[in-house]
Amino acid sequence: MAKDFSKGIYNSRRWRAVARAYAESQHYICERCHNRSFAGTGKPAHFIVHHKRHLNPENVTDDSTVYGWDNLELLCIYCHNAVHSQGLDRECRFDDDGNPIGIVNHNNG
Ligand SMILES: [Zn+2]
Ligand SMILES: [Zn+2]
């Protein structure tokens, strides 16, 4: 189902700032497999700042859940896909320069 409750967050400046700061703190290294394809390769970064406790309509208003580093995990696209069995989630991706980018619309219905 649509995740409209989290859309505003993932498009917000605050989330991007938090996600970027967190990713930098992890040196853009996947926390699970230690893949660091971003660093030094010049290739597109396939990293996502993931919420360990997935956001839902109840906890989305809780700052510590949404923005607290305790609940964040930097994952490469492969590990992130493994976490979300559907392989489809919108949290935070990074462009070639390591800048967080917003929601990418994969699914138009
Ligand atoms: Zn990984
Ligand atoms: Zn995720």
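Just so you know, ligand 1 is whichever comes first in the structure, and atom 1 is the first atom listed for that ligand. The structure displayed is predicted, hence computed values, not measured ones.
Rounded to the nearest 10 degrees, the angle SG (C33) to the Zn ion (ligand 1) to SG (C30) equals 110°. If you put the vertex on the Zn ion (ligand 1), SG of C76 and SG of C79 sit 110° apart, to the nearest 10°.
Checking H54 against the Zn ion (ligand 2), every N/O/S atom stays at or beyond the 2.8 Å cut-off. The Zn ion (ligand 2) has no N, O or S atom of H51 inside 2.8 Å of it. Note on H80: not counted as a metal contact of the Zn ion (ligand 1), no N/O/S atom lying under 2.8 Å.
Residues R53 and D70 are not paired through a salt bridge, judged by the lack of any N-O separation under 4.0 Å between the basic side chain and the carboxylate.
Within the 3.5 Å criterion, the main-chain N or O of I29 finds no donor-acceptor partner in the side chain of H34.
Per residue H50, closest N, O or S atom to the Zn ion (ligand 2): atom name ND1.
What you find for L55 and F5 is that their closest heavy atoms are O-CZ, 3.4 Å.
The aromatic rings of H50 and H80 sit perpendicular to each other, their planes meeting at more than 60°, with 30° as the lower class boundary.
Remark: W15 CH2 to H51 NE2 distance equals 3.5 Å, nearest 0.5 Å.
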